[in-house]
J.: 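Below you'll find the structure I mean.
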Amino acid sequence: MEDWEPTESSFMVLKAPGMNVLKVSLSKPHERLADGVSVWEWSGSALDEGDEASQWFSDFLGKPYRLVRFNTASETRHVDPKYAPGHKVLFSDMSPYMLLSQVGLVENC
């Protein structure tokens with residue numbers, strides 16, 4: 001929803017086998033920048049979601065990872081006009097919508 005804004009009680013909840021539930025606030029202010037984030041041809045800075053989220057992903061996936069959020073205040077990624085003219089994307093591939101599956105995520109780790 002384009003006009004949706006998170007509230008203090010808005011969270012992304014992540015669950016995985018053998019892991020405690022991770023709740024990531026969607027509204028808290030982000031101050032820590034992660035530089036050198038890249039997706040396809042784009043690279044820039046992102047907002048780091050912190051050490052708790054990093055540890056959760058690193059423990060579950062068995063390698064060091066950071067969870068980052070697109071920094072809409074300072075970064076922009078335009079969509080290729082032949083796919084979705086006039087739209088912008090965040091970390092998605094080439095359109096404003098991203099669909100993924102558990103199989104696709106597991107195969108890429």
J.: Between atom OG of S25 and atom CD of E8, what is the distance when rounded to the nearest 0.5 Å?
T.: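 Rounded to the nearest 0.5 Å, the OG-CD separation comes to 6.5 Å.
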J.: Please name all residues satisfying salt bridge (Lys or Arg N to Asp or Glu O under 4.0 Å) with D59, sequence neighbours left out, ordered by chain then number.
T.: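 None.
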J.: How long is the span from the OH atom in Y65 to the CD atom in Q55, to the nearest 0.5 Å?
T.: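 So the OH of Y65 and the CD of Q55 are separated by 14.0 Å.
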J.: Step by step, would you call V21 with V13 a side-chain contact (heavy atoms from CB on, under 4.5 Å)?
T.: CA-CA 7 Å; V21 171; V13 178; 3.5 Å; yes
J.: If you round to the nearest 0.5 Å, how far is CG of D35 from CG of L33?
T.: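 Between atom CG of L33 and atom CG of D35 there are 6.0 Å.
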J.: Dump the intermediate steps for side-chain contact (heavy atoms from CB on, under 4.5 Å) on R66 and D51, then the final yes or no.
T.: CA-CA 8 Å; R66 301 297 303 181; D51 293 335; 3.1 Å; yes
J.: Say you draw a straight line from CG of L61 to CH2 of W56; how long is it, rounded to the nearest 0.5 Å?
T.: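 Between atom CG of L61 and atom CH2 of W56 there are 7.5 Å.
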J.: Mind running side-chain contact (heavy atoms from CB on, under 4.5 Å) on L22 and E52 for me, showing each step along the way?
T.: CA-CA 8 Å; L22 175 65; E52 181 183 7; 4.0 Å; yes
J.: Taking side-chain contact (heavy atoms from CB on, under 4.5 Å) as the test, write out the residues that go with S9, two or more places apart.
T.: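 Partners of S9 under the side-chain contact (heavy atoms from CB on, under 4.5 Å) test: T7.
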J.: Of all the heavy-atom pairs spanning V24 and E49, show the shortest one and how long it is.
T.: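 Nearest heavy atoms, V24 then E49: CG1-OE1, 3.4 Å.
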J.: Without swapping roles, check the side chain of S54 against the backbone of G50 for a donor-acceptor pair under 3.5 Å.
T.: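 Not at all, since once roles are kept as given, no pair shorter than 3.5 Å links the two residues.
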J.: Testing the basics here: between P64 and S58, what is the closest heavy-atom pair and its distance to 0.1 Å?
T.: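 For P64 and S58, the tightest heavy-atom pair comes out as CA-OG, 3.4 Å.
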J.: Run the side-chain contact (heavy atoms from CB on, under 4.5 Å) test against K82 and tell me which residues pass, sequence neighbours left out.
T.: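 Checked K82 against side-chain contact (heavy atoms from CB on, under 4.5 Å); matches are D80.
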J.: Is it true that F57 and L26 fall in one hydrophobic cluster, defined by side-chain heavy atoms closer than 4.5 Å?
T.: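 Yes, it is one cluster - the side chains of F57 and L26 are joined through contacts under 4.5 Å.
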J.: Are the side chains of P17 and F60 in touch, meaning some heavy atoms are under 4.5 Å apart?
T.: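 Heavy-atom side-chain distance check passes, below 4.5 Å.
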J.: What about V37 and F70, same hydrophobic cluster or not, with Ile/Leu/Val/Met/Phe/Trp/Tyr joined at side-chain heavy-atom distances under 4.5 Å?
T.: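 Yes, V37 and F70 fall within the same hydrophobic cluster.
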J.: Got a second to check how far M12's CE is from K23's NZ, nearest 0.5 Å?
T.: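 One finds 12.5 Å between CE of M12 and NZ of K23.
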